[in-house]
Amino acid sequence: MSRTPACLRQALIGIRFFTRIYMLMVVLIGFMGAGKSTVGRIVADLLGVSFVDTDVFIERHEGRTIREMFDLHGEAYFRQIERAAVTELLEDRASVLALGGGAPMDREIRALLGGHTVVYLHVPYEQALVRVHGDSYRPLLHGSGVRQIYDSRMPVYESTATIRVETDGRRPDDVAREVLHRLAPTPNLRDGSSCLVTAVGGTYFAHAGPGVTARAVDLIPNAAAAESVVIISATQDEQISDSIASQLDGHSVIRATVDDHERSKSFSTVARLAEQMATQMVHRNDLVIGVGGEVVCEIAGLVAALFNRGIPLALVPTTLVAQADSAIGGKNAISLPQGRNLIGTIYQPVAVVADTAVAARKDQRGYSAGLAEIVKHALLQGTDAVNAVMSLAGALRGRDPAAVNQAVRVSQEFKAAVVSRDDRETGDRVFLNYGHTFAHAIEWATGVDGSDDGAPIAIGMMAAAHVSHIQGRMSAAEVEVHRDLLVALGLPTSATVDVDRLEAAWMRDKKYDHGVRLVLLDRIGVPRRGCTATREELATALAALAPG
Ligand SMILES: Nc1ncnc2c1ncn2[C@@H]1O[C@H](COP(=O)(O)OP(=O)(O)O)[C@@H](O)[C@H]1O
Ligand SMILES: O=C(O)C1=C[C@@H](OP(=O)(O)O)[C@@H](O)[C@H](O)C1
Ligand SMILES: [Mg+2]
């Protein structure tokens, strides 16, 4: 293929993606109290674009409140001003625009909305009244006939909107996320799938499927806009990087390799990569693509987060653990002699492209660690998810590509949902530490490197299961469910761990806070965070964990 058509094709794909996801104008309509102003702000935050509320714009412009305008000059006067304001704002192409509830009733405004994405937030009448009850700023609420106004507007909202979202009984952030889901065009991947991650730090797709490497660059929205593309590749995955580099016709491609091993997580690796990028004059609009397992994806993430105070990052995870888990959610870190992962950020990528056929290869690393995380996600989700993994267990042990693809997709969906709710780990994301607090201590005590080997997490989850049972949270049968699933996947379920060693390791943990806090299960699918355990409970659990 000649240079120009390839560039053009990329540019077109990039522009289409940009206009449809990032640069499009999203207009919110609906009755008073539907949440246009509240949800609109969240949608804009999630997309990282600007937000304008026409009512606020009008009040600032006029130097008085809407209530005053109604009182002094009447509704007709306000509508005239509103029409002019909406016209101006639609021309400005502010990214997310919340209209006042009455604006779509104006024929001229409706005509201007044609061609835009118009989201109708539906709220039942009674619910709207509850939400805006007693509000003195909404003059129409204080006259009679609010119900008639509501009834007459419903069909207009319906026919003007391109998307309708129900808000009854839902939190504004949940409504905002649905809006994003409905806006995003999901690419058509043969045998693959894409899930949307809507973290506060960025909205992006995680794509998974066999052979998606061949389309990697098409699936990275920022690729077209980048002049230089830095590919930071695991030494072991250079073939994949070659394939990606070959798709970057017309870009200046800078290649660097990193060993996909814990010891690479150092300041010196970051410095080497950053200096190479600085020498090659990489700019803010360029792109870093990380290709590799967990370690390389984290290093690429940290370098992208720090270089020029942050440049776009795409991840092409190549191992099962990175695909099913770590590449989604933006965590990155390097380690210090004093402890692992002590220096890092949460920096979301613009895309994750997981070629599941690569992770399934017989010689590919990070496989058992990936199985352990897949088990963890299932245990956190519930019995149906556990049964689904169980039914794939034989095929997964044999690295059957279809089973790997299926498991990665399900795991990504779950991880994406958790991260979308809580990307800063102040809430539900903490649950993803299930088994990990034990695992880190076990790794420290035994010297096993869990980034490649699922054993520490598997044993860690068994330890957490025993503690959960000892504390009366979980039944003995549920501990056996843990064991059966891990055994079916060829993962270990017992180990000899000394309680003193365990506690010594925890003292060094960055999450240590006057005693260790554990994630335990009240039931499979019902995690609990911030749990404590007495030394006696731990000793009993470790005795149950011992072999034989
Ligand atoms: N989904 C929701 N559930 C409950 N209360 C909501 C919801 N969305 C918005 N609210 C609340 O309702 C009130 C009106 O919201 P607002 O965003 O101003 O609506 P609008 O701009 O559509 O009139 C606010 O107090 C807001 O916090
Ligand atoms: O429904 C309406 O006619 C109005 C709704 C208000 O905005 P919200 O829908 O944001 O409350 C505001 O524009 C004005 O009070 C008139
Ligand atoms: Mg409003």
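Remember, it's 1-based here, ligands and their atoms both numbered in the order they're listed. Position 1 is the first residue of the sequence, and the numbers go up from there.
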In terms of residue, atom name and distance, what is the protein heavy atom nearest to [atom]?
| atom | result |
| --- | --- |
| atom 19 (O) of ligand 1 | Gly35 N, 3.2 Å |
| atom 24 (C) of ligand 1 | Thr38 OG1, 4.4 Å |
| atom 11 (O) of ligand 2 | Arg138 NE, 2.6 Å |
| atom 1 (N) of ligand 1 | Arg170 O, 2.6 Å |
| atom 14 (C) of ligand 2 | Ile66 CG2, 4.0 Å |
| atom 21 (O) of ligand 1 | Ser37 OG, 2.8 Å |

Would Arg147 count as a cation-pi partner of Tyr125, with NZ or CZ less than 6.0 Å from the six-membered ring centre and within 45° of the ring normal?
->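 Yes, cation above the ring, under 6.0 Å and within 45°.
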
For Phe31, take its heavy atoms, then give the atoms of ligand 1 lying under 4.0 Å from any of them.
->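 Ligand 1 atoms under the 4.0 Å threshold to Phe31: 22 (O).
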
[X] heavy atoms, cut-off 4.0 Å: which ligand 2 atoms fall inside?
| X | answer |
| --- | --- |
| Arg153 | 1 (O), 2 (C), 3 (O) |
| Met32 | 1 (O), 5 (C), 9 (O), 11 (O) |
| Pro139 | 15 (O) |
| Asp55 | 6 (C), 7 (O), 8 (P), 10 (O), 12 (C), 13 (O) |
| Lys36 | 8 (P), 9 (O), 10 (O) |
| Phe78 | 13 (O) |

Candidate with minimal heavy-atom separation from atom 7 (C) of ligand 1, of Lys36, Met32, Arg131 =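 Of the listed residues, Arg131 has the closest heavy atom.
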
Candidates Lys36, Arg131, Glu178, Gln127 - the one meeting side chain to side chain donor-acceptor pair (under 3.5 Å) with Thr167 |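 Result: among Lys36, Arg131, Glu178, Gln127, Arg131 is the only option passing the side chain to side chain donor-acceptor pair (under 3.5 Å) with Thr167.
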
Mind checking whether Tyr77 and His73 have parallel, tilted or perpendicular rings, split at 30° and 60°?
->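 Ring orientation, 0 to 90° scale: tilted.
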
In terms of the angle between their ring planes, are Phe205 and His207 parallel, tilted or perpendicular, with boundaries placed at 30° and 60°?
->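 Tilted.
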
In terms of side-chain heavy atoms, does His436 have a donor or acceptor partner in Glu373 at a distance below 3.5 Å?
->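 Result is yes, a qualifying pair exists.
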
Do [X] and [Y] sit within salt-bridge range, that is, some charged N less than 4.0 Å from a carboxylate O?
| X | Y | answer |
| --- | --- | --- |
| Asp423 | Arg429 | no |
| Glu478 | Arg523 | no |
| Asp173 | Arg177 | yes |

May I ask whether Ala34 places a heavy atom under 4.0 Å from ligand 1?
->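 Right, Ala34 reaches ligand 1.
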
Are any of the heavy atoms in Gly101 under 4.0 Å away from ligand 1?
->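 No.
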
Any chance CG of Asn285 has more than 12 other-residue heavy atoms, nucleotides or ligands included, within less than 6.0 Å?
->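 At most 12 heavy atoms, drawn from other residues, nucleotides or ligands, come within 6.0 Å of this atom.
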
4.5 Å side-chain heavy-atom contact, [X] and [Y]:
| X | Y | result |
| --- | --- | --- |
| Val165 | Arg170 | yes |
| Phe78 | Asp55 | yes |
| Val26 | Val119 | yes |
| Asp355 | Val316 | no |
| Leu432 | Lys415 | yes |
| Ile374 | Leu320 | yes |
| Thr160 | Tyr120 | no |
| Leu396 | Val404 | yes |

What part of Asp53, side chain, backbone, both or neither, has a heavy atom within less than 4.0 angstrom of ligand 2?
->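 For Asp53, there is no contact with ligand 2 at all, from either part.
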
Hey, is Arg138 touching ligand 1 through its side chain, its backbone, both or neither, going by heavy atoms under 4.0 Å?
->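 Under 4.0 Å from ligand 1, Arg138 contributes side-chain atoms alone.
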
Only protein N/O/S atoms count here: give how many lie under 2.8 Å from the Mg ion (ligand 3).
->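 Counting protein N, O and S atoms closer than 2.8 Å to the Mg ion (ligand 3) gives 1.
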
Do ligand 1 and Arg171 have nitrogen or oxygen atoms that lie under 3.5 Å from each other?
->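 Looking only at distances, the answer is no, because the N/O contact criterion of under 3.5 Å is not met.
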
When only distance counts, is Gly33 in polar contact with ligand 1, meaning an N/O pair under 3.5 Å?
->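 Between Gly33 and ligand 1 (N or O atoms, distance only) the closest approach is under 3.5 Å.
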
Close N or O approach (Gly101, ligand 2; < 3.5 Å) =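 Among all N and O atoms of Gly101, at least one is under 3.5 Å from an N or O of ligand 2.
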
Quick one: does Arg67 get a heavy atom under 4.0 Å from ligand 2?
->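 No, that is not the case, since the closest heavy atom of the residue is not under 4.0 Å from the ligand.
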
Whether Arg79 lies under 4.0 Å from ligand 2, heavy atom |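 Contact present.
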
